2 protein chains.
Amino acid sequence: MSEPRPKFRREPATQRKEALIQAALGLIAEQGIGGATVRAIAQRADVTQGLIRHYFSSKEDLIAAAYEYHMDRMTELTAAPVADPEVTARQRLGTFVAAGLTSPVMDTRSVTLWASFISSLRYDNNMRAMHQRTYYNFRNRLEVLIADALAEAGRPASEGELRRMAIAGNAVIDGLWMEGGALPDAFETGELARIGLQSVGAITGLELDRTAVEQTDRNLPTKEEGEP
Amino acid sequence: MSEPRPKFRREPATQRKEALIQAALGLIAEQGIGGATVRAIAQRADVTQGLIRHYFSSKEDLIAAAYEYHMDRMTELTAAPVADPEVTARQRLGTFVAAGLTSPVMDTRSVTLWASFISSLRYDNNMRAMHQRTYYNFRNRLEVLIADALAEAGRPASEGELRRMAIAGNAVIDGLWMEGGALPDAFETGELARIGLQSVGAITGLELDRTAVEQTDRNLPTKEEGEP
DNA sequence: GCTGTAATTATACACTTGCATAATTACTCG
DNA sequence: CGAGTAATTATGCAAGTGTATAATTACAGC
(Lines give C-alpha, C1' and ligand atoms only; values in the text may rest on other atoms or scores of the structure.)
Protein backbone atom coordinates (compact mmCIF):
# COMPACT_ATOMS: atom_id res chain seq x y z
CA MET A 1 0.00 0.00 0.00
CA SER A 2 1.73 3.09 1.28
CA GLU A 3 5.50 3.16 1.10
CA PRO A 4 6.89 2.34 4.56
CA ARG A 5 7.95 5.81 5.67
CA PRO A 6 10.67 5.57 8.33
CA LYS A 7 9.39 6.20 11.83
CA PHE A 8 12.38 8.25 12.85
CA ARG A 9 15.73 9.47 11.59
CA ARG A 10 19.16 8.92 13.02
CA GLU A 11 20.86 12.23 13.44
CA PRO A 12 24.51 12.95 14.24
CA ALA A 13 25.19 13.16 17.94
CA THR A 14 26.21 16.81 18.03
CA GLN A 15 23.08 17.83 16.20
CA ARG A 16 20.80 15.93 18.54
CA LYS A 17 22.59 17.29 21.56
CA GLU A 18 22.22 20.80 20.30
CA ALA A 19 18.53 20.28 19.56
CA LEU A 20 18.00 19.05 23.10
CA ILE A 21 19.94 21.97 24.51
CA GLN A 22 17.93 24.45 22.47
CA ALA A 23 14.71 22.85 23.59
CA ALA A 24 15.79 23.04 27.21
CA LEU A 25 16.83 26.69 26.89
CA GLY A 26 13.55 27.62 25.27
CA LEU A 27 11.55 25.98 28.02
CA ILE A 28 13.62 27.44 30.82
CA ALA A 29 13.30 30.90 29.33
CA GLU A 30 9.56 30.63 28.85
CA GLN A 31 8.49 28.71 31.92
CA GLY A 32 11.42 28.77 34.27
CA ILE A 33 13.52 25.88 35.43
CA GLY A 34 10.40 24.00 36.47
CA GLY A 35 9.11 24.00 32.93
CA ALA A 36 12.08 22.07 31.66
CA THR A 37 10.88 18.54 32.36
CA VAL A 38 12.32 15.64 30.45
CA ARG A 39 9.03 15.09 28.69
CA ALA A 40 8.62 18.72 27.66
CA ILE A 41 12.19 18.93 26.44
CA ALA A 42 11.84 15.75 24.43
CA GLN A 43 8.59 16.88 22.86
CA ARG A 44 10.05 20.24 21.89
CA ALA A 45 13.05 18.55 20.32
CA ASP A 46 10.74 16.14 18.45
CA VAL A 47 12.07 13.14 20.20
CA THR A 48 10.96 10.71 22.87
CA GLN A 49 12.17 11.19 26.38
CA GLY A 50 14.36 8.14 26.48
CA LEU A 51 16.77 9.81 24.10
CA ILE A 52 17.75 12.41 26.64
CA ARG A 53 19.27 9.76 28.82
CA HIS A 54 21.06 8.39 25.82
CA TYR A 55 22.96 11.64 25.23
CA PHE A 56 23.18 13.00 28.75
CA SER A 57 23.85 11.01 31.86
CA SER A 58 21.01 12.79 33.63
CA LYS A 59 18.67 15.70 33.24
CA GLU A 60 20.92 17.76 35.48
CA ASP A 61 23.71 17.06 33.05
CA LEU A 62 21.68 18.42 30.15
CA ILE A 63 20.81 21.57 32.08
CA ALA A 64 24.46 22.20 32.86
CA ALA A 65 25.38 21.76 29.21
CA ALA A 66 22.64 24.21 28.29
CA TYR A 67 24.02 26.77 30.70
CA GLU A 68 27.51 26.48 29.29
CA TYR A 69 26.17 26.78 25.77
CA HIS A 70 24.16 29.86 26.57
CA MET A 71 26.86 31.74 28.44
CA ASP A 72 29.56 31.04 25.92
CA ARG A 73 27.31 32.18 23.14
CA MET A 74 26.62 35.43 24.92
CA THR A 75 30.24 36.35 25.55
CA GLU A 76 30.94 35.40 21.99
CA LEU A 77 28.19 37.68 20.73
CA THR A 78 29.54 40.51 22.82
CA ALA A 79 33.12 40.00 21.80
CA ALA A 80 32.58 39.30 18.12
CA PRO A 81 32.17 42.89 16.89
CA VAL A 82 35.51 43.76 18.45
CA ALA A 83 37.51 41.53 16.15
CA ASP A 84 38.51 44.30 13.72
CA PRO A 85 42.14 45.24 14.51
CA GLU A 86 42.11 48.20 12.09
CA VAL A 87 40.26 50.23 14.63
CA THR A 88 41.37 52.25 17.65
CA ALA A 89 41.62 50.44 20.97
CA ARG A 90 39.28 53.05 22.38
CA GLN A 91 36.75 52.23 19.70
CA ARG A 92 37.08 48.52 20.32
CA LEU A 93 36.32 49.05 23.98
CA GLY A 94 33.30 51.16 23.10
CA THR A 95 32.04 48.58 20.67
CA PHE A 96 32.35 45.87 23.28
CA VAL A 97 30.39 47.80 25.85
CA ALA A 98 27.68 48.78 23.40
CA ALA A 99 27.34 45.27 22.00
CA GLY A 100 26.72 43.85 25.45
CA LEU A 101 23.93 46.35 25.98
CA THR A 102 22.11 45.92 22.71
CA SER A 103 19.99 43.22 21.20
CA PRO A 104 20.46 40.32 20.86
CA VAL A 105 22.78 40.10 23.87
CA MET A 106 20.54 42.26 26.00
CA ASP A 107 17.06 40.84 25.96
CA THR A 108 14.53 39.37 28.31
CA ARG A 109 15.14 35.82 27.26
CA SER A 110 18.87 35.94 27.94
CA VAL A 111 18.45 37.61 31.30
CA THR A 112 15.78 35.18 32.41
CA LEU A 113 17.92 32.25 31.38
CA TRP A 114 20.93 33.62 33.15
CA ALA A 115 18.94 34.19 36.34
CA SER A 116 17.65 30.64 36.27
CA PHE A 117 21.19 29.35 36.25
CA ILE A 118 22.51 31.78 38.84
CA SER A 119 19.84 30.62 41.22
CA SER A 120 21.38 27.17 41.27
CA LEU A 121 24.85 28.37 42.23
CA ARG A 122 24.29 27.79 45.87
CA TYR A 123 23.68 24.07 45.74
CA ASP A 124 25.30 22.99 42.49
CA ASN A 125 29.10 22.88 42.43
CA ASN A 126 29.17 22.16 38.75
CA MET A 127 27.21 25.28 37.98
CA ARG A 128 29.35 27.34 40.29
CA ALA A 129 32.51 26.25 38.54
CA MET A 130 30.97 27.07 35.20
CA HIS A 131 29.83 30.46 36.38
CA GLN A 132 33.29 31.26 37.62
CA ARG A 133 34.77 30.31 34.29
CA THR A 134 32.37 32.38 32.21
CA TYR A 135 32.60 35.34 34.56
CA TYR A 136 36.39 35.54 34.37
CA ASN A 137 36.28 34.93 30.67
CA PHE A 138 34.13 38.00 30.17
CA ARG A 139 35.91 40.17 32.68
CA ASN A 140 39.37 39.34 31.39
CA ARG A 141 38.37 40.27 27.88
CA LEU A 142 37.15 43.58 29.17
CA GLU A 143 40.35 44.11 31.12
CA VAL A 144 42.46 43.61 28.03
CA LEU A 145 40.39 46.12 26.10
CA ILE A 146 40.71 48.68 28.88
CA ALA A 147 44.44 48.13 29.15
CA ASP A 148 44.89 48.61 25.41
CA ALA A 149 42.79 51.75 25.34
CA LEU A 150 44.64 53.28 28.25
CA ALA A 151 48.02 52.42 26.78
CA GLU A 152 46.94 53.93 23.50
CA ALA A 153 45.96 57.13 25.30
CA GLY A 154 49.40 57.31 26.83
CA ARG A 155 48.22 56.57 30.36
CA PRO A 156 49.04 52.94 31.13
CA ALA A 157 47.53 51.70 34.37
CA SER A 158 48.90 49.52 37.13
CA GLU A 159 47.76 45.96 37.61
CA GLY A 160 45.63 46.90 40.59
CA GLU A 161 43.97 49.77 38.79
CA LEU A 162 43.23 47.56 35.83
CA ARG A 163 41.67 44.95 38.06
CA ARG A 164 39.50 47.55 39.69
CA MET A 165 38.38 49.05 36.41
CA ALA A 166 37.57 45.68 34.94
CA ILE A 167 35.51 44.70 37.96
CA ALA A 168 33.65 47.99 37.93
CA GLY A 169 33.14 48.01 34.18
CA ASN A 170 31.91 44.47 34.22
CA ALA A 171 29.50 45.41 36.98
CA VAL A 172 28.06 48.33 35.04
CA ILE A 173 27.56 46.21 31.97
CA ASP A 174 26.02 43.37 33.94
CA GLY A 175 23.78 45.69 35.90
CA LEU A 176 22.51 47.59 32.90
CA TRP A 177 22.10 44.39 30.94
CA MET A 178 19.95 42.93 33.69
CA GLU A 179 17.82 45.99 34.10
CA GLY A 180 17.28 46.23 30.38
CA GLY A 181 16.31 42.60 30.17
CA ALA A 182 14.09 42.63 33.21
CA LEU A 183 12.24 45.84 32.35
CA PRO A 184 12.56 46.28 28.60
CA ASP A 185 9.88 48.97 28.46
CA ALA A 186 11.52 51.18 31.04
CA PHE A 187 14.27 52.50 28.78
CA GLU A 188 14.46 54.17 25.41
CA THR A 189 16.13 52.45 22.51
CA GLY A 190 19.86 52.71 22.88
CA GLU A 191 19.60 54.49 26.20
CA LEU A 192 21.32 51.79 28.20
CA ALA A 193 24.12 51.44 25.68
CA ARG A 194 24.70 55.18 25.90
CA ILE A 195 24.68 55.10 29.67
CA GLY A 196 27.04 52.15 29.62
CA LEU A 197 29.51 54.00 27.44
CA GLN A 198 29.40 57.10 29.59
CA SER A 199 29.81 55.08 32.76
CA VAL A 200 32.68 52.92 31.61
CA GLY A 201 34.15 56.11 30.22
CA ALA A 202 33.88 57.80 33.60
CA ILE A 203 35.36 54.80 35.36
CA THR A 204 38.35 54.53 33.04
CA GLY A 205 38.74 58.22 32.36
CA LEU A 206 38.27 57.69 28.63
CA GLU A 207 35.86 59.39 26.27
CA LEU A 208 33.71 56.58 24.89
CA ASP A 209 30.43 58.31 24.17
CA ARG A 210 30.71 58.81 20.46
CA THR A 211 32.63 55.68 19.63
CA ALA A 212 30.25 52.88 18.95
CA VAL A 213 26.60 53.52 19.64
CA GLU A 214 25.67 54.21 16.06
CA GLN A 215 26.98 50.88 14.84
CA THR A 216 24.96 48.75 17.19
CA ASP A 217 21.92 50.90 17.81
CA ARG A 218 19.63 49.15 15.40
CA ASN A 219 17.36 46.15 15.98
CA LEU A 220 16.03 47.06 19.41
CA PRO A 221 12.27 47.23 19.85
CA THR A 222 11.17 50.85 19.78
CA LYS A 223 9.60 51.43 23.13
CA GLU A 224 9.69 54.22 25.62
CA GLU A 225 7.87 54.67 28.87
CA GLY A 226 8.24 56.92 31.88
CA GLU A 227 8.64 55.36 35.23
CA PRO A 228 5.99 55.80 37.95
CA MET B 1 -1.59 9.59 83.72
CA SER B 2 0.44 12.13 81.75
CA GLU B 3 -1.05 15.58 81.50
CA PRO B 4 -2.69 15.95 78.07
CA ARG B 5 -0.13 18.13 76.36
CA PRO B 6 -1.74 20.08 73.48
CA LYS B 7 -0.95 18.68 70.06
CA PHE B 8 -0.49 22.10 68.46
CA ARG B 9 -0.66 25.79 69.21
CA ARG B 10 -2.77 28.44 67.59
CA GLU B 11 -0.55 31.30 66.52
CA PRO B 12 -1.48 34.75 65.29
CA ALA B 13 -1.93 34.94 61.56
CA THR B 14 0.91 37.35 60.85
CA GLN B 15 3.33 35.21 62.80
CA ARG B 16 2.37 32.04 60.97
CA LYS B 17 2.55 33.78 57.65
CA GLU B 18 6.00 35.05 58.43
CA ALA B 19 7.14 31.64 59.56
CA LEU B 20 5.94 30.15 56.29
CA ILE B 21 7.63 32.91 54.31
CA GLN B 22 10.90 32.40 56.15
CA ALA B 23 10.72 28.69 55.56
CA ALA B 24 10.10 29.24 51.86
CA LEU B 25 12.98 31.71 51.57
CA GLY B 26 15.34 29.35 53.33
CA LEU B 27 14.46 26.50 51.03
CA ILE B 28 14.66 28.57 47.86
CA ALA B 29 18.04 29.91 48.89
CA GLU B 30 19.41 26.49 49.72
CA GLN B 31 17.86 24.30 47.07
CA GLY B 32 16.45 26.63 44.47
CA ILE B 33 12.86 27.19 43.57
CA GLY B 34 12.39 23.48 43.07
CA GLY B 35 13.23 22.79 46.67
CA ALA B 36 10.36 24.88 47.92
CA THR B 37 7.64 22.25 47.86
CA VAL B 38 4.59 22.62 50.06
CA ARG B 39 5.65 19.68 52.15
CA ALA B 40 9.19 20.93 52.66
CA ILE B 41 7.99 24.41 53.54
CA ALA B 42 5.48 23.07 56.01
CA GLN B 43 8.00 20.82 57.67
CA ARG B 44 10.50 23.63 58.01
CA ALA B 45 7.87 25.87 59.55
CA ASP B 46 6.87 23.06 61.93
CA VAL B 47 3.42 22.78 60.54
CA THR B 48 1.45 20.40 58.35
CA GLN B 49 1.03 21.20 54.72
CA GLY B 50 -2.66 21.91 54.85
CA LEU B 51 -1.96 25.10 56.74
CA ILE B 52 -0.27 26.68 53.78
CA ARG B 53 -3.48 26.65 51.85
CA HIS B 54 -5.22 28.13 54.86
CA TYR B 55 -3.06 31.25 54.80
CA PHE B 56 -2.21 31.52 51.12
CA SER B 57 -4.56 30.87 48.25
CA SER B 58 -1.90 28.80 46.53
CA LYS B 59 1.76 27.96 46.71
CA GLU B 60 2.44 30.51 44.01
CA ASP B 61 0.85 33.09 46.25
CA LEU B 62 3.19 32.24 49.10
CA ILE B 63 6.21 32.47 46.84
CA ALA B 64 5.16 35.91 45.64
CA ALA B 65 4.71 37.08 49.21
CA ALA B 66 8.17 35.76 50.02
CA TYR B 67 9.68 37.70 47.14
CA GLU B 68 8.07 40.93 48.25
CA TYR B 69 9.23 40.34 51.80
CA HIS B 70 12.79 39.65 50.76
CA MET B 71 13.18 42.59 48.41
CA ASP B 72 11.64 45.11 50.75
CA ARG B 73 13.87 43.93 53.52
CA MET B 74 16.94 44.35 51.37
CA THR B 75 16.21 47.92 50.27
CA GLU B 76 15.40 48.68 53.85
CA LEU B 77 18.71 47.29 55.02
CA THR B 78 20.52 49.34 52.41
CA ALA B 79 18.66 52.54 53.16
CA ALA B 80 18.58 52.31 56.94
CA PRO B 81 22.11 53.53 57.68
CA VAL B 82 21.36 56.69 55.70
CA ALA B 83 18.71 57.94 58.11
CA ASP B 84 21.05 60.31 59.97
CA PRO B 85 20.32 63.85 58.72
CA GLU B 86 23.21 65.38 60.67
CA VAL B 87 25.56 64.16 58.05
CA THR B 88 26.67 65.52 54.69
CA ALA B 89 24.59 64.54 51.66
CA ARG B 90 27.77 63.26 50.11
CA GLN B 91 28.38 61.07 53.12
CA ARG B 92 24.83 59.77 53.01
CA LEU B 93 25.29 58.77 49.40
CA GLY B 94 28.54 57.02 50.25
CA THR B 95 26.96 55.19 53.14
CA PHE B 96 24.14 53.99 50.93
CA VAL B 97 26.46 52.62 48.29
CA ALA B 98 28.71 50.94 50.83
CA ALA B 99 25.80 49.41 52.74
CA GLY B 100 24.47 47.78 49.60
CA LEU B 101 27.86 46.19 48.98
CA THR B 102 28.53 44.85 52.44
CA SER B 103 27.12 42.07 54.52
CA PRO B 104 24.33 41.37 55.24
CA VAL B 105 22.89 42.92 52.09
CA MET B 106 25.56 41.47 49.87
CA ASP B 107 25.75 37.76 50.43
CA THR B 108 25.26 34.55 48.55
CA ARG B 109 21.91 33.81 50.05
CA SER B 110 20.40 37.12 49.02
CA VAL B 111 21.76 36.94 45.52
CA THR B 112 20.58 33.39 45.01
CA LEU B 113 17.14 34.28 46.26
CA TRP B 114 16.94 37.30 44.05
CA ALA B 115 17.99 35.29 41.01
CA SER B 116 15.34 32.69 41.69
CA PHE B 117 12.69 35.35 41.58
CA ILE B 118 14.09 37.16 38.55
CA SER B 119 13.95 33.94 36.62
CA SER B 120 10.17 33.92 36.90
CA LEU B 121 9.72 37.41 35.46
CA ARG B 122 9.09 36.13 31.99
CA TYR B 123 5.99 34.11 32.73
CA ASP B 124 4.63 35.59 35.93
CA ASN B 125 2.95 38.99 35.67
CA ASN B 126 2.60 39.29 39.38
CA MET B 127 6.32 38.90 39.86
CA ARG B 128 7.08 41.32 37.10
CA ALA B 129 4.92 44.00 38.68
CA MET B 130 6.61 43.42 42.00
CA HIS B 131 10.05 43.58 40.47
CA GLN B 132 9.21 46.88 38.81
CA ARG B 133 8.03 48.30 42.09
CA THR B 134 11.11 47.26 44.06
CA TYR B 135 13.46 48.34 41.30
CA TYR B 136 12.09 51.86 41.11
CA ASN B 137 11.90 52.04 44.86
CA PHE B 138 15.62 51.43 45.11
CA ARG B 139 16.62 53.53 42.15
CA ASN B 140 14.55 56.53 43.22
CA ARG B 141 16.12 56.51 46.65
CA LEU B 142 19.51 56.55 45.01
CA GLU B 143 18.48 59.37 42.70
CA VAL B 144 17.42 61.54 45.62
CA LEU B 145 20.74 60.95 47.35
CA ILE B 146 22.66 61.84 44.22
CA ALA B 147 20.57 64.97 43.67
CA ASP B 148 21.17 66.13 47.22
CA ALA B 149 24.89 65.48 47.06
CA LEU B 150 25.22 67.36 43.79
CA ALA B 151 23.18 70.29 45.04
CA GLU B 152 25.30 70.38 48.15
CA ALA B 153 28.43 70.51 46.02
CA GLY B 154 27.04 73.47 44.16
CA ARG B 155 26.53 71.58 40.90
CA PRO B 156 22.83 70.78 40.58
CA ALA B 157 22.03 68.41 37.70
CA SER B 158 19.24 68.39 35.17
CA GLU B 159 16.44 65.86 35.34
CA GLY B 160 17.90 63.89 32.47
CA GLU B 161 21.36 63.82 33.98
CA LEU B 162 19.95 62.66 37.29
CA ARG B 163 18.04 59.89 35.62
CA ARG B 164 21.15 58.75 33.84
CA MET B 165 23.28 58.82 36.97
CA ALA B 166 20.70 56.94 38.97
CA ILE B 167 20.39 54.25 36.34
CA ALA B 168 24.14 53.91 36.06
CA GLY B 169 24.72 54.02 39.81
CA ASN B 170 22.04 51.47 40.38
CA ALA B 171 23.63 49.25 37.76
CA VAL B 172 27.06 49.42 39.39
CA ILE B 173 25.64 48.55 42.77
CA ASP B 174 23.55 45.72 41.38
CA GLY B 175 26.39 44.37 39.31
CA LEU B 176 28.93 44.41 42.12
CA TRP B 177 26.39 43.03 44.54
CA MET B 178 25.72 40.12 42.24
CA GLU B 179 29.34 39.36 41.61
CA GLY B 180 30.12 39.50 45.29
CA GLY B 181 27.26 37.19 46.09
CA ALA B 182 27.94 34.76 43.29
CA LEU B 183 31.70 34.51 43.85
CA PRO B 184 32.31 35.52 47.44
CA ASP B 185 35.86 34.20 47.43
CA ALA B 186 36.93 36.22 44.43
CA PHE B 187 37.20 39.55 46.22
CA GLU B 188 38.93 40.86 49.29
CA THR B 189 36.94 42.10 52.23
CA GLY B 190 35.58 45.53 51.49
CA GLU B 191 37.00 45.55 47.99
CA LEU B 192 33.65 45.72 46.26
CA ALA B 193 32.40 48.47 48.52
CA ARG B 194 35.49 50.48 47.71
CA ILE B 195 35.10 49.88 44.00
CA GLY B 196 31.45 50.82 44.25
CA LEU B 197 32.28 54.11 45.92
CA GLN B 198 34.93 54.96 43.37
CA SER B 199 32.65 54.05 40.50
CA VAL B 200 29.59 55.94 41.67
CA GLY B 201 31.98 58.75 42.44
CA ALA B 202 33.31 58.72 38.90
CA ILE B 203 29.81 58.57 37.45
CA THR B 204 28.54 61.50 39.49
CA GLY B 205 31.77 63.43 39.60
CA LEU B 206 31.85 63.34 43.38
CA GLU B 207 34.61 62.18 45.70
CA LEU B 208 33.09 59.30 47.67
CA ASP B 209 36.12 57.16 48.42
CA ARG B 210 36.79 58.17 51.96
CA THR B 211 33.22 58.70 53.07
CA ALA B 212 31.75 55.53 54.35
CA VAL B 213 33.77 52.37 53.92
CA GLU B 214 35.12 52.35 57.43
CA GLN B 215 31.69 52.35 58.99
CA THR B 216 30.36 49.31 57.17
CA ASP B 217 33.50 47.38 56.54
CA ARG B 218 33.14 44.93 59.36
CA ASN B 219 31.37 41.56 59.46
CA LEU B 220 32.40 40.26 56.05
CA PRO B 221 34.07 36.86 55.92
CA THR B 222 37.79 37.35 55.54
CA LYS B 223 38.67 35.67 52.31
CA GLU B 224 40.90 36.50 49.44
CA GLU B 225 41.79 34.58 46.37
CA GLY B 226 43.39 35.34 43.06
CA GLU B 227 41.56 34.61 39.87
CA PRO B 228 42.78 32.04 37.33
C1' DG C 1 20.69 -8.03 0.40
C1' DC C 2 22.08 -9.23 5.08
C1' DT C 3 23.53 -8.35 9.51
C1' DG C 4 25.25 -6.16 13.57
C1' DT C 5 24.95 -2.26 16.24
C1' DA C 6 23.84 1.87 18.00
C1' DA C 7 20.09 5.31 17.84
C1' DT C 8 15.53 5.65 19.01
C1' DT C 9 11.10 4.43 20.77
C1' DA C 10 7.98 2.15 24.08
C1' DT C 11 6.64 0.93 28.51
C1' DA C 12 6.80 0.55 33.30
C1' DC C 13 7.85 1.93 38.02
C1' DA C 14 8.42 4.13 42.30
C1' DC C 15 8.06 8.52 44.01
C1' DT C 16 6.74 13.40 44.43
C1' DT C 17 3.90 17.10 43.39
C1' DG C 18 -0.05 20.62 44.60
C1' DC C 19 -4.49 20.67 46.19
C1' DA C 20 -9.09 19.32 48.06
C1' DT C 21 -11.75 17.60 51.56
C1' DA C 22 -12.93 15.74 55.96
C1' DA C 23 -11.73 15.01 60.67
C1' DT C 24 -9.79 16.96 64.86
C1' DT C 25 -8.54 20.28 68.32
C1' DA C 26 -7.31 24.62 70.75
C1' DC C 27 -8.87 28.67 72.18
C1' DT C 28 -12.69 32.68 72.76
C1' DC C 29 -16.68 34.32 74.56
C1' DG C 30 -20.87 33.88 76.92
C1' DC D 1 -18.14 25.42 82.34
C1' DG D 2 -19.81 24.59 77.83
C1' DA D 3 -20.42 25.45 73.13
C1' DG D 4 -19.09 27.52 68.76
C1' DT D 5 -15.64 28.64 65.55
C1' DA D 6 -11.66 28.97 63.25
C1' DA D 7 -6.95 27.12 63.25
C1' DT D 8 -4.74 22.98 62.53
C1' DT D 9 -4.07 18.21 61.32
C1' DA D 10 -5.04 13.90 58.75
C1' DT D 11 -5.94 11.55 54.71
C1' DG D 12 -6.62 10.87 49.92
C1' DC D 13 -6.13 11.65 45.02
C1' DA D 14 -5.01 12.41 40.26
C1' DA D 15 -1.39 14.11 37.69
C1' DG D 16 3.35 14.62 36.82
C1' DT D 17 8.30 13.58 37.96
C1' DG D 18 13.09 11.33 36.61
C1' DT D 19 14.95 7.18 35.43
C1' DA D 20 15.61 2.24 34.32
C1' DT D 21 14.87 -1.36 31.13
C1' DA D 22 13.27 -3.80 27.21
C1' DA D 23 11.63 -3.67 22.55
C1' DT D 24 12.10 -1.67 17.98
C1' DT D 25 14.28 0.16 13.90
C1' DA D 26 17.35 2.88 10.84
C1' DC D 27 21.43 2.73 8.82
C1' DA D 28 26.67 1.44 7.74
C1' DG D 29 29.75 -2.05 6.12
C1' DC D 30 30.35 -6.28 4.17
Side-chain angles (χ1 to χ4, degrees), chain A residues 2-25 27-28 30-67 116 120 123-124 126-127, chain B residues 2-25 27-28 30-67 116 120 123-124 126-127:
Chain A
S2 59
E3 59 271 35
R5 196 160 52 108
K7 296 187 173 175
F8 59 85
R9 284 206 0 228
R10 294 184 144 186
E11 306 266 355
T14 53
Q15 201 164 317
R16 271 276 135 88
K17 280 192 178 186
E18 172 146 351
L20 289 170
I21 285 176
Q22 296 281 14
L25 288 176
L27 284 164
I28 295 174
E30 288 167 17
Q31 314 178 37
I33 199 77
T37 69
V38 283
R39 284 166 179 81
I41 294 171
Q43 182 176 14
R44 193 179 245 234
D46 260 317
V47 139
T48 50
Q49 52 160 326
L51 207 60
I52 286 181
R53 284 272 300 165
H54 189 257
Y55 285 113
F56 299 92
S57 71
S58 71
K59 179 195 158 192
E60 194 184 319
D61 204 46
L62 165 55
I63 302 292
Y67 177 50
S116 293
S120 68
Y123 54 95
D124 190 327
N126 206 14
M127 288 284 190
Chain B
S2 59
E3 59 271 35
R5 195 162 53 109
K7 296 188 173 172
F8 58 85
R9 285 217 345 241
R10 292 183 148 189
E11 305 267 356
T14 52
Q15 201 165 317
R16 271 276 135 87
K17 279 192 177 184
E18 173 145 350
L20 289 169
I21 286 176
Q22 294 283 12
L25 287 176
L27 284 164
I28 296 174
E30 288 168 16
Q31 315 178 34
I33 199 75
T37 71
V38 284
R39 284 169 179 81
I41 295 171
Q43 182 176 12
R44 196 177 181 132
D46 260 317
V47 139
T48 51
Q49 52 161 323
L51 207 60
I52 287 180
R53 283 271 302 161
H54 189 258
Y55 285 113
F56 299 91
S57 71
S58 70
K59 179 196 157 191
E60 195 183 318
D61 205 46
L62 165 57
I63 303 291
Y67 177 49
S116 293
S120 69
Y123 55 95
D124 190 327
N126 204 16
M127 287 284 190

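Order of the sequence lines sets the chain letters (A, B, ...), proteins ahead of strands, with each chain counted from 1. Fair warning: this is a prediction, and the values are worked out from it, not measured in the lab. Below, each value reflects all heavy atoms present in this structure, side chains not excepted, and no hydrogens, waters or symmetry copies.
Residues from residues 44-54 of chain B that place a heavy atom under 4.0 Å from any atom of DNA chain C, listed by number: Q49(B), R53(B).
A distance of 7.0 Å separates OG of S120(A) from CD1 of I33(A), quoted to the nearest 0.5 Å. Expressed to the nearest 0.5 Å, how far CZ of F56(A) lies from CG of L51(A) amounts to 9.5 Å. One distance of note links OG of S116(B) with CG of L27(B); it measures 11.5 Å at 0.5 Å rounding.
We find that CD of Q15(A) is positioned 14 Å from P of dA7(C), with the value rounded to whole Å. Remark: C1' of dC13(C) and CZ of R39(A) are 11 Å apart, rounded to the nearest angstrom. Rounded to whole Å, atom P of dC19(C) lies 10 Å from atom CG of D61(B). Going from atom CZ of R16(B) over to atom C1' of dA7(D) covers 9 Å, rounded to whole Å.
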Return a table of donor-acceptor pairs under 3.5 angstrom between the side chains of residues 15-25 of chain A and protein atoms on other chains or two or more places apart.
unit_1	atom_1	unit_2	atom_2	d
Q15(A)	NE2	E11(A)	OE1	2.9
R16(A)	NH1	R9(A)	O	3.4
E18(A)	OE2	Y69(A)	OH	3.0
Q22(A)	NE2	Y69(A)	OH	3.0

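Residue pairs that meet the side-chain hydrogen bond (donor to acceptor under 3.5 Å, both in side chains) test with at least one member in residues 34-52 of chain A, sequence neighbours left out, are E30(A)-R44(A). Each side-chain hydrogen bond (donor to acceptor under 3.5 Å, both in side chains) pair with one or both residues in residues 55-66 of chain A, not counting sequence neighbours, would appear here, but there are none.
Among the atoms of the strands shown, only primed sugar atoms or phosphate atoms (P, OP1, OP2) are found under 4.0 Å from some heavy atom of Y55(B).
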In B/S/- notation, 5' to 3', how is nucleotides 23-30 of chain D contacted by protein heavy atoms closer than 4.0 Å?
--SBS---
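For the helix from dG1(C)-dC30(D) to dG30(C)-dC1(D), the angle separating the two terminal helix axes comes to 10°, with each axis derived from five pairs and the value rounded to 10°.
Along DNA chain C, the nucleotide closest to E11(A) and the one closest to S57(B) are compared, and the more 5′ of them pairs with E11(A).
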